Amino acid sequence: RGAAASSSSSSSSSSSSSGGGGGSDDPKKRLAELLELSEACKVFMEDLTIVPATDTERILAMAPAELAALDVEDVDIPSARRRFEELSAEHARRSESLAGLGEEIHALWDELGVPDATRDAWFAAYADNPLSEATLTGVSRDRDALVKRKAKELVLDLRKRCQRLLAVG
């Protein structure tokens with residue numbers, strides 16, 4: 001879904017800005033741009049679990065029929081574009097962060113011999129809202145717990161080795 005929203009980035013950000021609130025003077029072109037921005041922003045807001053809170057977000061979250069019924073001359077298209085860019089950047093930031101954490105966790109699982117069933121349950125726990133702030137917090141917390149577990153196992157292994165060396169001497 002994020003790819004569909006990202007693909008509209010190039011066309012919505014390259015729209016003309018010839019007046020009338022920063023958009024085209026042609027109401028049909030303004031509506032077309034607004035519909036495109038709305039479609040992409042709805043995907044981003046859903047993926048990021050953002051509830052529309054500002055006027056711009058509430059307009060962008062409207063159904064196409066509701067948008068078509070608006071007087072598009074009164075809609076702040078530049079503000080809608082800015083919000084699209086912000087949501088797009090946040091979506092990319094969270095995706096990158098989650099990918100990095102996932103790589104770390106996967107490596108730790110391999111090193112610690114975490115069974116597939118545990119891994120599957122972990123993925124299932126985060127499957128509904130993978131890019132939510134709560135998911136990023138939880139995944140980060142889980143990574144930290146795995147790092148501590150690995151450190152503890154390394155200390156125990158080192159302790160055993162030291163005891164064996166002392167027993168030999």
Side-chain angles (χ1 to χ4, degrees), residues 1-15 17 22-23 32-64 67 76-163:
R1 290 184 339 185
S6 296
S7 69
S8 64
S9 169
S10 59
S11 57
S12 63
S13 60
S14 65
S15 297
S17 7
E33 181 177 7
L34 183 59
L35 288 166
E36 187 175 343
L37 288 167
S38 171
E39 180 182 342
C41 288
K42 281 190 270 194
V43 170
F44 286 144
M45 287 189 281
E46 182 180 335
D47 284 355
L48 300 170
T49 62
I50 293 174
V51 176
T54 65
D55 289 342
T56 299
E57 289 175 347
R58 283 188 282 275
I59 288 169
L60 290 168
M62 289 179 172
L67 290 172
D76 186 357
I77 298 291
S79 180
R81 281 191 211 120
R82 279 190 302 279
R83 190 59 183 137
F84 166 81
E85 292 299 330
E86 292 165 357
L87 290 168
S88 179
E90 180 63 12
H91 193 276
R93 183 194 70 78
R94 289 188 193 182
S95 295
E96 185 177 314
S97 180
L98 191 61
L101 288 167
E103 289 175 13
E104 289 181 57
I105 287 171
H106 210 268
L108 287 164
W109 280 344
D110 289 344
E111 292 173 23
L112 295 168
V114 174
D116 288 343
T118 302
R119 296 176 189 209
D120 292 344
W122 183 86
F123 279 115
Y126 293 114
D128 287 343
N129 297 307
L131 293 179
S132 71
E133 199 63 49
T135 293
L136 286 176
T137 300
V139 170
S140 183
R141 184 181 55 243
D142 294 346
R143 187 255 343 253
D144 293 348
L146 287 167
V147 168
K148 287 178 186 176
R149 180 175 156 191
K150 180 181 175 191
K152 189 175 184 179
E153 286 187 14
L154 289 172
V155 167
L156 290 173
D157 182 55
L158 186 58
R159 184 178 292 151
K160 286 179 189 176
R161 288 180 187 199
C162 288
Q163 288 172 343

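Every value quoted in this text rests on a predicted model; they were computed, and no experiment measured them.
Sorted by first and then second residue, the salt bridge (Lys or Arg N to Asp or Glu O under 4.0 Å) pairs with a member in residues 122-138 read Arg93-Glu133, Arg94-Glu133; sequence neighbours excluded. The ring pair (Phe, Tyr, Trp, His ring centres under 6.0 Å) pairs that include a residue from residues 123-155 are Trp109-Phe123, Trp122-Tyr126, where partners are two or more places apart or lie in different chains.
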Residues 96-108 side chain polar contacts: donor-acceptor under 3.5 Å, at least two apart:
unit_1: Glu104; atom_1: OE1; unit_2: Arg143; atom_2: NH1; d: 3.3
unit_1: Glu104; atom_1: OE2; unit_2: Arg143; atom_2: NH1; d: 3.4

Using atom types as modelled, flag every donor-acceptor pair under 3.5 Å from a side chain in residues 151-159 to any protein atom, sequence neighbours excluded.
unit_1: Asp157; atom_1: OD2; unit_2: Arg161; atom_2: NE; d: 3.2
unit_1: Asp157; atom_1: OD2; unit_2: Arg161; atom_2: NH2; d: 3.4

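Rounded to the nearest 0.5 Å, atoms SG (Cys41) and CD (Glu86) are 9.5 Å apart. Within the model, atoms CZ of Phe84 and OG1 of Thr56 stand 14.5 Å from one another, a figure rounded to the nearest 0.5 Å. Distance CZ/Arg83 to CG/Leu60: 9.0 Å, rounded to 0.5 Å. Considering CD1 of Ile59 and OG1 of Thr54, their distance stands at 8.5 Å, rounded to 0.5 Å. Atom CG in Leu48 sits 9.5 Å away from atom OG in Ser88 (nearest 0.5 Å).
Looking only at side-chain heavy atoms (C-beta outward), Ile77 and Arg81 come within less than 4.5 Å of each other. Counting only heavy atoms from C-beta outward, the side chains of Pro52 and Met45 approach each other to under 4.5 Å.
For Arg82 and Glu85, the salt-bridge test fails: no basic side-chain N is under 4.0 Å from an acidic carboxylate O.
Within the 3.5 Å criterion, the main-chain N or O of Leu34 finds no donor-acceptor partner in the side chain of Ser38. Using a distance-only test at 3.5 Å, with no hydrogens or angles considered, a donor-acceptor pair links the side chain of Ser132 to the main chain of Asn129.
Applying the salt bridge (Lys or Arg N to Asp or Glu O under 4.0 Å) rule to Asp55 yields the partners Arg58; only residues at least two apart in sequence or on another chain are considered. In this structure, the salt bridge (Lys or Arg N to Asp or Glu O under 4.0 Å) partners of Asp110, at least two apart in sequence or on a different chain, are Arg119.
Across all their heavy atoms, Pro130 and Ala127 have their closest contact at CD-O, 3.4 Å. Here the shortest heavy-atom pairing between Lys42 and Pro64 reads NZ-CD, 3.9 Å.
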